J.: 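Before I ask anything, let me first share the structure, which is written out below as structure tokens.
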Amino acid sequence: MAKHGDHPELPALVESLLMDDVHTVFLKADCPPRVKRGTIGELKLVEVEEQDDGNWDTLRIESLQEELVELAESNNHRSDCFLEINRKGCQVVQLGDLRIACAWPPFADAREITIVRPVAKLQITDYELDPRLIERLSNHHRGVFICGRPGSGKTTLAQAIAEYLDNDLGTMVKTMESPRDLQLADRITQYAPLEGDLEKTAEIIFLVRPDFVIFDEVRRARDFEIFADVRLAGVGLLGVTHANSALEAIQRLIGKVELGLVSQVLDTILHVEAGSIQQVLELRMTVKAPTGMQEELARPVIEVVEFPSGKITHEMFAFGSEIAVVPVEGASRRISPMKSLAKEALIQKIREWIGVESQIQILSDSSANIFVPSNMISTLVGRGGENIRQLQDELGGIALSVKSLDEMPEGMENPRNPYWEDKQDRRSKAGRAWEHQSRGSKGKGKRGRKGRR
């Protein structure tokens with residue numbers, strides 16, 4: 001497939017824009033050409049003034065697009081030159097190490113061509129990784145995410161790992177990509193979506209029995225589900241996804257996979273920034289009481305652990321009907337997850353049960369007061385206290401006391417929310433006021449008539 005720096009001879013205009021440090025070329029009708037240049041993590045978007053002759057109109061961009069597509073077709077004897085995507089308003093061409101995306105109306109507001117190429121091609125030794133991490137990545141019974149922002153060097157690292165697995169370890173490596181733009185050895189087969197569906201690609205991959213699969217660009221919810229299916233089938237899997245941090249990459253998987261399977265699907269996350277690995281996290285499944293909960297409330301907990309220090313940074317566990325991701329503070333502070341989660345969870349649950357807003361006072365790690373309108377106390381407590389016991393169990397055994405809004409201590413806010421208003425009390429007060437007012441009026445009327453007599 002594509003080799004770094006290797007592509008057919010391009011039109012002179014394009015070649016002049018592809019200077020040594022240029023990563024991306026942006027051409028758009030009626031706009032001067034711009035390029036993104038520099039090294040990974042230090043790319044800068046600049047306007048190419050010497051190429052701005054004022055003739056970058058729609059016809060020129062269209063003519064250039066046709067030349068590039070014809071160039072791919074005339075080099076179809078090369079495995080790295082092909083038309084990857086051809087849709088109404090969009091074409092994607094692979095031309096050696098260049099990925100060329102073309103768009104035009106009605107998909108885009110004007111004709112444009114974007115040419116992307118890798119800034120660098122690295123080996124795994126260039127990253128100076130901890131030997132323990134290399135050993136971890138060498139185990140093809142793992143699920144790995146490489147995450148980072150666009151342009152951070154995720155794909156470059158994925159390429160380095162893939163070639164290490166192929167060359168140094170002698171494992172069978174395949175890729176799933178859309179579009180296919182990883183620069184890998186010829187013997188590593190790169191698969192596109194079969195009939196436009198990566199799920200069908202995964203079915204074929206099972207038949208060719210790879211040791212390791214590189215899944216480039218895991219973005220949509222369905223991609224995460226396919227990632228989980230392939231991993232649970234026993235294939236070593238490395239996915240590349242966009243996320244601002246390693247923790248966010250984990251959270252993108254939550255909801256697509258059952259909590260009990262998360263650590264089986266994904267156990268290592270590499271966060272890349274500016275071309276280097278900034279953080280490595282691993283996931284471990286255990287059964288225990290989450291930090292701050294009572295010991296008898298043990299449940300499956302996924303620990304998010306820094307590698308290789310072994311420091312637990314977060315815990316993931318079922319909290320009511322939600323999946324909680326809670327930071328674990330130092331042992332000296334021991335901040336309970338109850339304090340950070342119980343308040344919102346209680347308010348939401350009470351709103352669902354009795355249809356009114358409530359106020360919560362967290363007293364300690366294991367107790368709290370609930371303040372609701374007085375006419376709703378019995379409804380919330382339930383017959384024989386069954387409702388409040390159920391609520392306590394769902395929230396990890398925290399002891400709950402139900403009180404009226406009138407009993408709230410000073411300093412707690414009582415927003416003027418119509419749901420908080422006790423309508424029964426209002427009707428009662430209004431009725432008594434009418435009664436007193438009527439009696440008073442009658443008395444005045446009688447006295448007046450008596451005086452006229």
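Predicted, not measured: the structure shown is a model, and the values here were computed from it.
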J.: Which label fits Phe224 and Phe145: parallel for a plane angle under 30°, tilted from 30 to 60°, or perpendicular past 60°?
T.: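 Rings of Phe224 and Phe145: perpendicular, as their planes differ by over 60°.
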
J.: For Thr125 and Tyr164, run side-chain hydrogen bond (donor to acceptor under 3.5 Å, both in side chains): C-alpha distance rounded to whole Å, both residues' side-chain angles, the deciding distance at 0.1 Å, then the answer.
T.: CA-CA 9 Å; Thr125 53; Tyr164 165 74; over 6 Å; no

J.: State which residues pass salt bridge (Lys or Arg N to Asp or Glu O under 4.0 Å) with Arg78; sequence neighbours excluded, sorted by chain then number.
T.: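 Scan of Arg78 (salt bridge (Lys or Arg N to Asp or Glu O under 4.0 Å), adjacent residues dropped) gives Asp6, Asp80.
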
J.: Once salt bridge (Lys or Arg N to Asp or Glu O under 4.0 Å) is applied, do any residues pair with Asp168, and if so which ones, sequence neighbours excluded?
T.: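 Expected list: none.
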
J.: Can any side-chain N or O of Ser263 pair as donor or acceptor with the backbone N or O of Gly260 at less than 3.5 Å?
T.: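 No; zero donor-acceptor contacts below 3.5 Å.
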
J.: Does any N or O in the side chain of Arg284 come within less than 3.5 Å of the main-chain N or O of Val305, such that one atom is a donor and the other an acceptor?
T.: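 It does not hold such a pair.
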
J.: Could you walk me through whether Leu283 and Ile269 pass the side chain to side chain contact (heavy atoms under 4.5 Å, CB included) check?
T.: CA-CA 9 Å; Leu283 301 183; Ile269 306 93; 4.1 Å; yes

J.: Verify, without hydrogens or angle tests, whether Lys256 (side chain) and Arg222 (backbone) share a donor-acceptor contact under 3.5 angstrom.
T.: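 Side chain of Lys256 to backbone of Arg222: no pair is present.
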
J.: Check whether any side-chain heavy atom of Arg299 sits under 4.5 Å from a side-chain heavy atom of Val287, and report yes or no.
T.: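 Counting from C-beta outward, Arg299 and Val287 never come under 4.5 Å.
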
J.: Below 4.5 Å, heavy atoms only, C-beta onward: do Thr201 and Ile204 meet side chain to side chain?
T.: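 Side chain of Thr201 against side chain of Ile204, heavy atoms only: no contact under 4.5 Å found.
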
J.: Could I get the full list of side-chain hydrogen bond (donor to acceptor under 3.5 Å, both in side chains) partners for Arg351, not counting sequence neighbours?
T.: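 So Arg351 forms a side-chain hydrogen bond (donor to acceptor under 3.5 Å, both in side chains) with Gln348, Glu357.
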
J.: Roughly how far apart are Trp56 CH2 and Glu112 CD, rounded to 0.5 Å?
T.: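 Rounded to the nearest 0.5 Å, the CH2-CD separation comes to 13.5 Å.
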
J.: Do NZ/NE/NH1/NH2 and the carboxylate oxygens of Arg37 and Asp21 come within less than 4.0 Å?
T.: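 Yes.
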
J.: Going by atom types only, do Gln190 and Glu177 share a side-chain donor-acceptor pair under 3.5 Å?
T.: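 The criterion, which ignores hydrogens and geometry beyond distance, is satisfied for Glu177 and Gln190.
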
J.: With side-chain contact (heavy atoms from CB on, under 4.5 Å) as the test, pick out the partner of Phe212 among His141, Met172, His140, Lys174.
T.: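 For Phe212, the side-chain contact (heavy atoms from CB on, under 4.5 Å) test succeeds with only one of His141, Met172, His140, Lys174, which is His140.
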
J.: Taking NZ, NE, NH1 and NH2 as the nitrogens, is one of them in Arg252 or Asp223 under 4.0 Å from a carboxylate oxygen of the other?
T.: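 Result for this pair is no, no salt bridge flagged.
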
J.: Quick check on Glu128: does its CD atom have over 12 non-hydrogen neighbours (other residues, nucleotides or ligands) under 6.0 Å away?
T.: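 Counting other residues, nucleotides and ligands, CD of Glu128 stays at 12 neighbours or fewer.
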
J.: Is there a side-chain contact between Leu198 and Phe215 in this structure, where contact means two heavy atoms from C-beta onward sitting under 4.5 Å apart?
T.: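 Yes, their side chains come closer than 4.5 Å.
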
J.: Are there more than 12 heavy atoms of other residues, nucleotides or ligands under 6.0 Å from atom CD of Glu9?
T.: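 For Glu9, atom CD is not crowded (no more than 12 foreign heavy atoms under 6.0 Å).
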
J.: Mind checking salt bridge (Lys or Arg N to Asp or Glu O under 4.0 Å) for Glu203 and listing every partner two or more places apart, or none if nothing turns up?
T.: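 Salt bridge (Lys or Arg N to Asp or Glu O under 4.0 Å) list for Glu203, sorted by chain: empty.
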
J.: Can you tell me how far apart CD1 (Ile312) and CD (Glu282) are? Round to the nearest 0.5 Å.
T.: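 If we round to the nearest 0.5 Å, Ile312:CD1 and Glu282:CD are 10.0 Å apart.
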
J.: Does the side chain of Ile188 come within less than 4.5 Å of Leu182's, by heavy atoms?
T.: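 Side-chain contact under 4.5 Å: no.
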
J.: Could you check whether any side-chain N or O of Ser63 sits under 3.5 Å from a backbone N or O of Leu59, counting only pairs where one atom can act as donor and the other as acceptor?
T.: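 Checked: no pair found.
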
J.: Please check if the side chain of Ser16 supplies one atom and the backbone of Leu13 the other of a donor-acceptor pair under 3.5 Å.
T.: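 Yes; at least one donor-acceptor contact below 3.5 Å.
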
J.: Side chains of Val92 and Cys90: closer than 4.5 Å at any heavy-atom pair?
T.: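 With C-beta onward as the side chain, the pair touches.
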
J.: Locate the shortest heavy-atom distance separating Gly239 from Val218; write the atom from each residue and the value.
T.: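 Minimum heavy-atom contact is CA-CG2, 4.2 Å.
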
J.: Between Arg231 and Val235, is there a donor-acceptor pair closer than 3.5 Å when you use the side chain of the first and the backbone of the second?
T.: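 Checking the backbone N and O of Val235 against the side chain of Arg231, a donor-acceptor pair under 3.5 Å is found.
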
J.: Backbone N or O of Leu98 within a donor-acceptor pair of the Gln94 side chain at under 3.5 Å?
T.: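 Side chain of Gln94 to backbone of Leu98: a pair is present.
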
J.: Looking at CG of Leu95 and CG of Leu83, how far apart are the two atoms once the value is rounded to the nearest 0.5 Å?
T.: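 Answer rounded to 0.5 Å: 11.0 Å.
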
J.: Is there side-chain contact between Arg87 and Phe107, with heavy atoms separated by less than 4.5 Å?
T.: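 Of all side-chain heavy-atom pairs linking Phe107 with Arg87, none is under 4.5 Å.
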
J.: State plainly whether the residues Glu62 and Arg111 are in salt-bridge range, i.e. N to O under 4.0 Å.
T.: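 Salt bridge flag = yes for Arg111 with Glu62.
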
J.: Sort out for me which residue in Leu380, Ile350, Val402 forms a side-chain contact (heavy atoms from CB on, under 4.5 Å) with Ser358.
T.: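 With Ser358 as partner, side-chain contact (heavy atoms from CB on, under 4.5 Å) holds for just one option, Ile350.
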
J.: With sequence neighbours excluded, tell me which residues meet salt bridge (Lys or Arg N to Asp or Glu O under 4.0 Å) with Arg187.
T.: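 With sequence neighbours excluded, Arg187 shows a salt bridge (Lys or Arg N to Asp or Glu O under 4.0 Å) to Asp166, given in chain and number order.
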
J.: Is a side-chain N or O of Arg136 found less than 3.5 angstrom from the main chain of Arg142, in a donor-acceptor match?
T.: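 No, the answer is negative, given that no donor and acceptor are paired below the 3.5 Å cut-off.
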
J.: Going from CZ on Arg220 to CD on Glu225, what distance comes out if it is rounded to the nearest 0.5 angstrom?
T.: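 Answer for the CZ-CD pair, Arg220 versus Glu225, is 11.0 Å.
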
J.: So with a 6.0 Å cut-off around CG of Asp20, is the heavy-atom count from everything else above 12?
T.: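 No, the 6.0 Å shell around CG holds no more than 12 heavy atoms from other groups.
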
J.: Other residues, nucleotides and ligands only: do more than 12 of their heavy atoms fall within 6.0 Å of CD on Glu258?
T.: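 12 or below, so no.
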
J.: For Arg149, is the CZ atom crowded, meaning more than 12 foreign heavy atoms sit under 6.0 Å from it?
T.: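 Open.
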
J.: Please answer whether the main-chain N or O of Gln390 pairs with a side-chain N or O of Asp393 as donor and acceptor at a distance below 3.5 Å.
T.: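 Flag not set: sc Asp393 to bb Gln390 has no pair under 3.5 Å.
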
J.: With side chain to side chain contact (heavy atoms under 4.5 Å, CB included) as the test, would you mind laying out the steps for Thr155 and Gln159 before giving the verdict?
T.: CA-CA 6 Å; Thr155 300; Gln159 291 171 170; 3.8 Å; yes

J.: Let me confirm one number: the NE2-CD distance from His242 to Glu217, rounded to the nearest 0.5 Å.
T.: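 CD of Glu217 is found 4.0 Å from NE2 of His242.
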
J.: Hey, does Ile370 have a side-chain heavy atom less than 4.5 Å from the side chain of Ile388?
T.: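 Yes; the side chains approach each other to less than 4.5 Å.
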
J.: Might you point out which heavy atoms bring Glu84 and Ala192 nearest each other, and give the distance in Å?
T.: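 In terms of heavy atoms, the two residues are closest at OE2-CB, 3.8 Å.
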
J.: By the ring-ring contact (aromatic ring centres under 6.0 Å, His included) test, which pairs, at least two apart or in different chains, include something from residues 170-206?
T.: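 Checked against ring-ring contact (aromatic ring centres under 6.0 Å, His included) - neighbours excluded - no pair reaches residues 170-206.
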
J.: Go through the steps for Trp353 and Leu391 under the test side chain to side chain contact (heavy atoms under 4.5 Å, CB included), then give the verdict.
T.: CA-CA 10 Å; Trp353 279 10; Leu391 191 58; 4.0 Å; yes

J.: Determine whether a donor-acceptor pair (N or O, by modelled atom type, separation under 3.5 Å) exists between the side chain of Arg117 and the backbone of Val22.
T.: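 Yes: the side chain of Arg117 pairs with the backbone of Val22.
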
J.: Can you measure from CD1 (Ile146) to CG (Leu137) and round to the nearest 0.5 angstrom?
T.: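 Here the interatomic distance stands at 8.0 Å.
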
J.: Between Pro308 and Val280, is any pair of side-chain heavy atoms under 4.5 Å apart?
T.: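 Not touching, per the 4.5 Å side-chain cut-off.
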
